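Computed from a prediction, not measured in an experiment: that's the story for all the values here.
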Amino acid sequence: MSYDVEPRLLRAFVATAEELHFTRAAARLYVAQQALSRDIRRLERGLGVSLFARTTRQVALTVEGERLLPYARRVLTAQDELAAAFRPAPERPLLVDAGAPVGTAYRVLATARGRVPESCELVARFHGGLTGAAGEMAAGRLDVSFGRFAALPPGVRAGLEHQPVRLEPMAVLLREDHPLAAKSAVPLAGLAGETLYAGAGNPGTAEWTDLAARLFAGYGIAMAAPFPEIDGAQEFVRVVRKQGWSVLASVEFIEVPGMVLRPVVDPVPLSPVSMVWRRGLRHPGHDALRATARELAEEGGWLTAPAGAWLPPEDARVMGVVVSGGGA
């Protein structure tokens with residue numbers, strides 16, 4: 001009698017003993033019936049006994065089969081417990097705020113999803129605003145966000161890490177009948193006298209409102225009055241259309257029916273986008289996001305400022321770039 005019994009043979013035996021039908025037992029184990037019968041014969045030879053009484057009409061356990069069944073079940077239970085004890089725990093989902101289902105952050109997220117195993121879940125939310133996200137990350141309710149890192153208070157930045165991703169050219173969203181809508185690009189000076197919405201009144205996007213205020217200064221561009229936080233793309237579209245606002249945006253932006261997106265030039269204002277996360281975060285999804293952001297930035301030249309661009313000096317320092325145009 002052999003004492004070195006393969007667990008696979010015991011599984012074949014237990015399935016057949018419980019089904020008392022070779023075809024059903026084979027289907028339960030996802031093997032061919034011939035393979036199941038072969039394993040049963042190997043087990044019987046190894047133990048030196050017959051385990052089943054077979055006739056053309058039925059299958060029944062022998063006395064030896066009845067005696068083996070409880071032992072086989074205990075062995076298989078122990079093997080399953082052993083495997084479970086050393087099986088890596090599944091990674092928890094990584095929560096990523098991409099701001100909107102379009103643009104730099106979403107491109108990084110969508111590309112990274114194709115590079116992680118099926119078990120690694122990257123869950124998106126679309127709230128936007130790095131100022132608000134920073135508190136969520138510090139509290140452990142959010143893992144990754146994107147935005148203007150230099151605008152966060154030093155004490156907040158100390159608990160976070162960031163990776164520069166893109167100097168995103170800015171644009172203006174205009175009604176189709178606006179006098180500037182006919183232009184392919186809008187000079188910054190051409191917006192003098194205009195009132196633009198830039199998130200004023202939304203504490204979660206304070207970094208964007210601050211960037212807009214710096215950009216508007218000296219150009220006679222007014223900031224739209226503070227308005228309650230607008231949550232979600234659908235509500236944003238509704239409010240913007242009802243208020244009749246022109247909107248400071250990025251060159252990749254959600255579509256708003258009845259409005260057109262035009263890049264701003266002379267100078268080209270840049271929105272600095274970093275990937276930001278809680279200090280000490282370890283997760284394979286986070287690694288994939290960082291690698292993806294780095295590759296997309298290199299391929300697209302995302303961290304190269306165009307000649308004559310505009311970016312506040314402190315943002316340029318944090319992003320590690322040189323801007324030849326004017327700052328704020």
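By the rule that hydrophobic residues join a cluster once side-chain heavy atoms approach within less than 4.5 Å of another member, V276 and L296 end up as members of separate clusters. L9 is connected to L61 through a chain of hydrophobic side-chain contacts under 4.5 Å among Ile, Leu, Val, Met, Phe, Trp and Tyr, so both are in one cluster. Hydrophobic clustering (side-chain heavy atoms under 4.5 Å, transitive across Ile, Leu, Val, Met, Phe, Trp, Tyr) groups F52 together with L68. Residues V268 and M319 share a hydrophobic cluster, clusters being chains of Ile/Leu/Val/Met/Phe/Trp/Tyr side chains in contact below 4.5 Å. Cluster annotation: L261 is connected to V256 through the hydrophobic network of ILVMFWY side chains, with a link wherever side-chain heavy atoms come within less than 4.5 Å.
Atom CZ of R8 is surrounded by more than 12 heavy atoms from other residues, nucleotides or ligands within 6.0 Å. Within 6.0 Å of atom CD in E255, 12 or fewer heavy atoms from other residues, nucleotides or ligands are found, so the atom counts as exposed in its surroundings.
When every heavy atom of L36 is checked against every heavy atom of A26, the shortest pair comes out as CD2-N, 3.6 Å. Closest approach of A124 to L109, counting heavy atoms only: CB-CD2, 3.4 Å. The two residues V318 and A150 make their nearest non-hydrogen contact at CG2-CB, 3.7 Å. The two residues V165 and V108 have their closest heavy-atom pair at CG1-CG2, 4.3 Å. P263 and V251 get closest at one heavy-atom pair: CB-CG1, 4.3 Å. Here the closest heavy-atom approach between residue L215 and residue M170 is recorded as CD2-CE, 4.0 Å.
Side-chain contact between V321 and P272 is absent, with no heavy-atom pair separated by less than 4.5 Å. No side-chain heavy atom of M223 sits under 4.5 Å from any side-chain heavy atom of L196. Under the 4.5 Å side-chain criterion, counting only non-hydrogen atoms from C-beta, V102 is not in contact with R107. Side chains of L10 and L43 form a contact here, defined as non-hydrogen atoms less than 4.5 Å apart. Contact of the L94 side chain with the V96 side chain is registered, since non-hydrogen atoms from C-beta on lie closer than 4.5 Å. Residues L173 and S246 have side chains not in contact (no heavy-atom distance under 4.5 Å, counting atoms from C-beta outward). Under the 4.5 Å side-chain criterion, counting only non-hydrogen atoms from C-beta, L270 is not in contact with W310. Residues F146 and T104 form no side-chain contact, since every pair of their non-hydrogen atoms from C-beta on lies 4.5 Å or further apart.
A salt bridge links D210 to R148: one of the charged nitrogens lies within less than 4.0 Å of a carboxylate oxygen. For the pair D97 and R141, the salt-bridge criterion is not met [side-chain N within less than 4.0 Å of a carboxylate O]. At a threshold of 4.0 Å, the pair E295-R290 does not count as salt-bridged, since none of the basic side-chain nitrogens sits closer than that to a carboxylate oxygen. Salt-bridge check for E44 with R54: passed, with a basic side-chain N closer than 4.0 Å to an acidic carboxylate O. A salt bridge does not link R113 to E121: none of the charged side-chain nitrogens sits closer than 4.0 Å to a carboxylate oxygen. The residues R73 and E18 are annotated as salt-bridged, a charged nitrogen and a carboxylate oxygen being separated by less than 4.0 angstrom. Classification of R278 and E136 as a salt-bridged pair fails, no side-chain N sitting under 4.0 Å from a carboxylate O. Residues E235 and R238 are paired through a salt bridge, judged by an N-O separation under 4.0 Å between the basic side chain and the carboxylate.
Under a 3.5 Å cut-off, the side chain of R262 and the backbone N or O of K183 do form a donor-acceptor pair. Side-chain N or O atoms of T55 include one that pairs as donor or acceptor with a backbone N or O of R57 at under 3.5 Å. Of the possible polar contacts, none joining the S145 side chain to the L130 backbone as a donor-acceptor pair under 3.5 Å is found.
Cation-pi contact between R74 and Y71: present, with separation from the ring centre below 6.0 Å and deviation from the ring axis of at most 45°.
We find the CE-OG1 distance between M275 and T292 to be 9.0 Å, quoted to the nearest 0.5 Å. For the atom pair CZ (R294) and CG (L303), the distance works out to 11.0 Å, reported to the nearest 0.5 Å. One distance of note links NE2 of H283 with CG of L122; it measures 7.5 Å at 0.5 Å rounding. The line from CD1 of I221 to CG of L248 is 8.5 Å long, rounded to the nearest 0.5 Å. For the atom pair CZ (R28) and OG1 (T23), the distance works out to 14.0 Å, reported to the nearest 0.5 Å. Atom CZ of R317 and atom CG of L311 lie 10.5 Å apart (nearest 0.5 Å).
The salt bridge (charged side-chain N to carboxylate O under 4.0 Å, His left out) with D143 is formed by just one residue from the set R279, R125, R92, R282; it is R92. Partner of Y197 under the ring pair (Phe, Tyr, Trp, His ring centres under 6.0 Å) criterion, out of F227, W245, W208, F216: W245 alone.
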Practice item. Before giving the answer on salt bridge (charged side-chain N to carboxylate O under 4.0 Å, His left out), spell out for E252 and R166 the whole-Å C-alpha distance, their side-chain angles and the decisive distance to 0.1 Å. Key: CA-CA 12 Å; E252 294 183 44; R166 188 176 185 184; 2.6 Å; yes
Exercise for review: Apply the test side-chain contact (heavy atoms from CB on, under 4.5 Å) to residues L167 and W302: give CA-CA distance (whole Å), side-chain angles for both, the deciding distance (0.1 Å), then the verdict.
Suggested key: CA-CA 6 Å; L167 300 174; W302 281 358; over 6 Å; no
Exercise for review: Carefully, step by step, assess S274 and Q163 under the rule side-chain contact (heavy atoms from CB on, under 4.5 Å).
Suggested key: CA-CA 5 Å; S274 284; Q163 176 178 315; over 6 Å; no
Review point. Going through the checks in order, is the side-chain contact (heavy atoms from CB on, under 4.5 Å) test met by T131 and T205?
Key: CA-CA 6 Å; T131 304; T205 58; over 6 Å; no
Exercise for review: Could you walk me through whether E207 and L152 pass side-chain contact (heavy atoms from CB on, under 4.5 Å), step by step?
Suggested key: CA-CA 7 Å; E207 77 286 348; L152 297 177; 5.5 Å; no
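Using bins of under 30°, 30° to 60° and over 60° for the plane-to-plane angle, the ring pair Y106/F126 lands in the tilted bin.
Q33 and R24 are not linked by any side-chain donor-acceptor pair at a separation below 3.5 angstrom, with hydrogens and angles left out of the test.
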